[in-house]
*Asks:* 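After the C-alpha cells below, expect a handful of questions from me.
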Amino acid sequence: MQLQQEKAKKISGILSEKYPVPETALDYKTPFQLLVATILSAQTTDTQVNKVTSDLFEKYSRPQDFAELEVETLSEEIKSIGLHRSKSEYIIKSSRMIIDIFEGEVPRSFDDLLKLNGVGRKTASVVIYAAFSRPAFPVDTHVFRVSRRLGLADGKNPEKVEEQLKELFPEDDWGDMHHRLIYHGREVCKARSPDCSSCQLQDFCDYFKNNFK
DNA sequence: AACTCGGGGCA
DNA sequence: TGCCCAGAGTT
C-alpha cells in the first residue's frame, strides 16, 4: 500500500504538470444549474453540453422553470447533444422532486442525489465536489480505464475503483485527480488506441509493462 | 446482464 | 459512412 501511494503521488505530479489548468467548464452559477448540466453530460462531452447550456439558462434557470416545461420544449433546446428525450424527462422529473421533496434546493448528500432522476454515482459525485466543494471522486469511464491500466486500481466495477482511488489520494486532491485522469484518458490513454509511445507514465503503467516490454 | 436512448467525432 | 464513444434507467 505504501508503494502504491508513492506511485500515486508520482503519477499525480506528472499529470499535474502536464494538465496544469483545472477544468473550468463546470463553472455554473447555481448548484441547480450545475446539476442540470451534469445530467446532460451523460454519454457526451462537456464541450457539447456547453453548446446548449448558455442559451438554455438564459430562458430557464430555476427548478420551478424546468418543472413546468413540456418534455418536447426542453427536448428541442437540447437536441444537438443526443439522448435528448430521456434527458429532458430526467431533468423535468428531478426539478419536480427538488421542489416537492427537497424544499427547492439541490440535495447535498450522495444518497439524496441518487434519488433524483438521471443521477447516478458519477453525476452525484460531480455535483458534490463541483457544486458543494466537498470531497468526491467521480469515476467515469476514463477514470475507470486509466486507473486500471496504470494499476492504481483493479476493481471490477466503478464503485470498487472509486474506493481504491480514495484510499490512494488525499481527500483534497480527489477532484483535481479526477480531472487529470479524464484529460489523460481523452488525449493519451484512449480507450481504443492509446498513445503509449508518447505517454509519460510508462514507468508506472501496468498496461505498458504488459504490452510493450 | 443485456438492452435502450441519439447524437458527434473520426478512420 | 459506418463504427466507436460516453451514464443511467429499465427489463
Side-chain angles (χ1 to χ4, degrees), chain A residues 19 23 25-26 28 31-56 66 69-98 101-102 106-107 109-131 136-149 153 155-163 165 174-175 177-199 207:
Chain A
Y19 311 109
E23 175 69 72
L26 293 172
Y28 290 100
F32 177 71
Q33 290 180 3
L34 185 120
L35 170 71
V36 172
T38 310
I39 291 174
L40 290 176
S41 76
Q43 295 290 95
T44 187
T45 62
D46 289 346
T47 313
Q48 289 297 105
V49 173
N50 288 335
K51 286 183 190 168
V52 302
T53 45
S54 50
D55 283 350
L56 185 66
F66 284 89
L69 286 181
E70 297 290 333
V71 173
E72 288 69 26
T73 311
L74 183 51
S75 199
E76 188 63 25
E77 296 282 336
I78 64 171
K79 65 169 187 280
S80 64
I81 68 175
L83 306 178
H84 49 274
R85 287 204 61 84
S86 48
K87 285 175 182 175
S88 295
E89 290 172 2
Y90 296 158
I91 289 167
I92 291 168
K93 283 185 193 165
S94 285
S95 299
R96 292 176 182 160
M97 289 178 69
I98 287 171
I101 355 187
F102 297 113
V106 177
S109 79
F110 188 75
D111 288 346
D112 281 344
L113 282 165
L114 285 186
K115 294 173 185 165
L116 298 176
N117 223 262
V119 178
R121 299 183 59 84
K122 185 257 183 180
T123 303
S125 297
V126 169
V127 171
I128 285 172
Y129 93 83
F137 207 136
V139 175
D140 66 355
T141 60
H142 294 298
V143 173
F144 185 78
R145 180 184 68 252
V146 174
S147 55
R148 293 181 83 259
R149 279 182 179 163
K156 296 293 180 248
N157 54 58
E159 292 89 335
K160 186 64 188 170
V161 166
E162 181 181 338
E163 261 179 57
L165 291 175
W174 290 351
M177 203 55 218
H178 149 80
H179 281 129
R180 292 178 195 131
L181 291 172
I182 286 178
Y183 282 130
H184 196 249
R186 277 205 291 250
E187 296 175 20
V188 180
C189 196
K190 297 178 285 188
R192 184 110 319 217
S193 50
D195 298 331
C196 294
S197 59
S198 71
C199 181
Y207 183 86

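Naming convention: chains lettered A, B, ... in sequence-line order (proteins, then strands); numbering from 1 in each chain. Any value given below was found using the heavy atoms of this structure, including those in side chains, with hydrogens, waters and symmetry copies removed.
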*Asks:* Starting at atom CD1 of A:Ile81, determine the distance to atom C1' of C:dA8, rounded to an integer number of angstrom.
*Replies:*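 Rounded to the whole Å, the gap is 14 Å.
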
*Asks:* Checking contacts here: which listed nucleotide (C:dA6, B:dG6, B:dG9) is nearest the side-chain heavy atoms of A:Arg85?
*Replies:*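 Among the listed nucleotides, the one closest to the side chain of A:Arg85 is B:dG6.
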
*Asks:* Using a 4.0 Å heavy-atom cut-off, does A:Thr47 contact any base of the nucleic acid, only the sugar-phosphate backbone, or nothing at all?
*Replies:*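 If one applies the 4.0 Å heavy-atom cut-off, A:Thr47 turns out to touch nothing in the nucleic acid.
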
*Asks:* Once you measure the plane-to-plane angle for A:Tyr19 and A:Tyr183, does it fall in the parallel (<30°), tilted (30-60°) or perpendicular (>60°) bin?
*Replies:*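 Parallel, since the angle between the ring planes stays under 30°.
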
*Asks:* Does a side-chain N or O of A:Arg192 approach OP1 or OP2 of B:dA11 to a distance below 4.0 Å, or not?
*Replies:*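 So the side-chain polar atoms of A:Arg192 never come under 4.0 Å of the phosphate oxygens OP1 or OP2 of B:dA11.
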
*Asks:* Starting from P on C:dC5, measure out to CG on A:Asp140 and report it in whole angstrom.
*Replies:*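 In whole Å, C:dC5 P lies 14 Å from A:Asp140 CG.
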
*Asks:* Among C:dG9, C:dG7, B:dG9, which nucleotide has an atom closest to any side-chain atom of A:Ala42?
*Replies:*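 Taking heavy atoms from C-beta onward, the closest nucleotide is C:dG7.
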
*Asks:* Has A:Lys190 got more than 12 heavy atoms of other residues, nucleotides or ligands less than 6.0 Å from its NZ?
*Replies:*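 Yes, enclosed.
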
*Asks:* Pick the closest DNA chain C nucleotide for A:Thr44 and for A:Leu116 by heavy atoms, then say which residue is nearer the 5' end.
*Replies:*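 Mapping each residue to its closest nucleotide by heavy atoms, the 5'-most match is A:Thr44.
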
*Asks:* Taking atom P in both C:dG9 and B:dG8, compute the distance separating them and give it to the nearest angstrom.
*Replies:*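 About 24 Å, rounded to a whole number of Å.
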
*Asks:* C:dC4, C:dA6, C:dA8: which one has an atom nearest the side-chain heavy atoms of A:Thr141?
*Replies:*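 Between C:dC4, C:dA6, C:dA8, the one nearest the side chain of A:Thr141 would be C:dA6.
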
*Asks:* If I take atom CD from residue A:Gln48 and atom CG from residue A:Leu40, how far apart are they, to the nearest 0.5 angstrom?
*Replies:*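 One gets 11.5 Å once the value is rounded to the nearest 0.5 Å.
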
*Asks:* Could you work out which one of B:dG9, C:dA6, C:dA8 sits closest to the side chain of A:Lys51?
*Replies:*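 Nearest to the side chain of A:Lys51 among the choices is B:dG9.
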
*Asks:* Just compare C:dC5, C:dA8, B:dG7 and give me whichever is closest to any side-chain atom of A:His84.
*Replies:*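 The closest nucleotide is B:dG7.
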
*Asks:* I need the full list of side chain to side chain donor-acceptor pair (under 3.5 Å) pairs touching residues 70-84 of chain A, with sequence neighbours left out, sorted by first then second residue.
*Replies:*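 Residue pairs passing side chain to side chain donor-acceptor pair (under 3.5 Å), neighbours aside: A:Lys59-A:Glu77, A:Glu72-A:Arg85, A:Glu76-A:Lys79.
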
*Asks:* For C:dC5, does either OP1 or OP2 sit under 4.0 Å from a side-chain N or O belonging to A:Thr45?
*Replies:*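 For C:dC5, OP1/OP2 do not have a side-chain N/O of A:Thr45 under 4.0 Å.
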
*Asks:* In whole Å, measure the gap between the P atoms of B:dG6 and C:dT11 for me.
*Replies:*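 So the two P atoms sit 15 Å from each other.
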
*Asks:* May I have the distance from A:His142 (atom NE2) to C:dC4 (atom C1'), rounded to whole angstrom?
*Replies:*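 Rounding to the nearest Å, NE2 of A:His142 and C1' of C:dC4 are 12 Å apart.
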
*Asks:* Nearest whole angstrom, please: distance from the P of B:dG7 to the CD1 of A:Ile78.
*Replies:*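 To the nearest whole Å, that distance equals 11 Å.
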
*Asks:* Nearest-Å distance, NE2 (A:His178) to C1' (C:dG7)?
*Replies:*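 So the two atoms are 13 Å apart, to the nearest Å.
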
*Asks:* Can you see which heavy atom on A:Ile182 is nearest to which on A:His142, and at what distance?
*Replies:*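 Heavy-atom minimum between the residues: CA-CB, 4.0 Å.
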
*Asks:* What's A:Lys79 touching, base or sugar-phosphate or nothing? Going by heavy atoms closer than 4.0 Å.
*Replies:*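 Result for A:Lys79 = sugar-phosphate.
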
*Asks:* Considering only C:dG7, C:dG9, B:dC5, which nucleotide approaches the side chain of A:Ser86 most closely?
*Replies:*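 Of the candidates, B:dC5 comes closest.
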
*Asks:* Round to a whole Å and report the spacing from CG of A:Leu40 to P of C:dA6.
*Replies:*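 Between P of C:dA6 and CG of A:Leu40: 18 Å.
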
*Asks:* If you round to the nearest 0.5 Å, how far is CZ of A:Arg121 from CZ of A:Phe110?
*Replies:*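 Going from CZ on A:Phe110 over to CZ on A:Arg121, the span is 4.0 Å.
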
*Asks:* In whole Å, what is the span from the CD atom of A:Gln43 to the P atom of C:dA6?
*Replies:*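 Atom-to-atom, A:Gln43 to C:dA6, this comes out as 8 Å.
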
*Asks:* What is the distance from NZ of A:Lys122 to P of C:dC5, rounded to the nearest Å?
*Replies:*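 Rounding to the nearest Å, NZ of A:Lys122 and P of C:dC5 are 17 Å apart.
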
